[in-house]
Amino acid sequence: MEYYSDTFKAIRLLQQLGYELFVVTNQSGVGRGYFSLEAVYVIHKQLQNDLREQKLEPFKDFAICPHSPDDKCDCRKPSGKMIQEFIEKNNISKEVSYMVGDKVIDAEAGKNAGIQGVIVRTTASKDFPYFKTLLEFAQSLKK
Ligand SMILES: [Zn+2]
């Protein structure tokens, strides 16, 4: 597993600022039969271990859409459903929450759940704030 060089620094800053972190992920490779849901769990577990090793809080929870687009499920991003469920289950205040991703559909999923969508890394979009890195996004929240 490889991380961008500033990922842990960004997560540390977000946690210092009091944010609780969740993962919301499309894993259509499961629905397409390329890998198992079990393999996704293994990766998530590794992620949690790596965070602990860095003396960071692990992610609070993971939501996985394992379906392929052909399944026409209602959880796959840009649906806001997985985020919406986290909001309800954890009493999250939408006004101070963000959905950060590297694809437009991630930001759209946030919007569809009623929170601010943000794009990092890949593609700037006129519809959402864009930051070159997760760290730059985290630093923008410090003000
Ligand atoms: Zn789904």
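Start at 1 and go down the list; that is how both ligands and their atoms are numbered. Start at 1 with the first residue, then count along the sequence.
- Using a cutoff of 4.0 Å between basic side-chain nitrogens and carboxylate oxygens, R121 and D6 are scored as salt-bridged.
- Screening the protein for N, O or S atoms under 2.8 Å from the Zn ion (ligand 1) yields 4; no waters enter the count.
- Annotation for I119 and A107: closest pair CG1-CB, 3.8 Å, computed over non-hydrogen atoms.
- At a cut-off of 3.5 Å, with distance as the only test, a side-chain donor of Q46 or D50 sits close to an acceptor on the other residue.
- Below 30°, between 30° and 60°, or above 60°: for F137 and Y98 the angle between ring planes is above 60°, a perpendicular geometry.
- Partner of P78 under the side-chain contact (heavy atoms from CB on, under 4.5 Å) criterion, chosen from N112, N26, V104: N112.
- Ion pairing between K111 and D127 fails under the 4.0 Å rule for side-chain N and carboxylate O.
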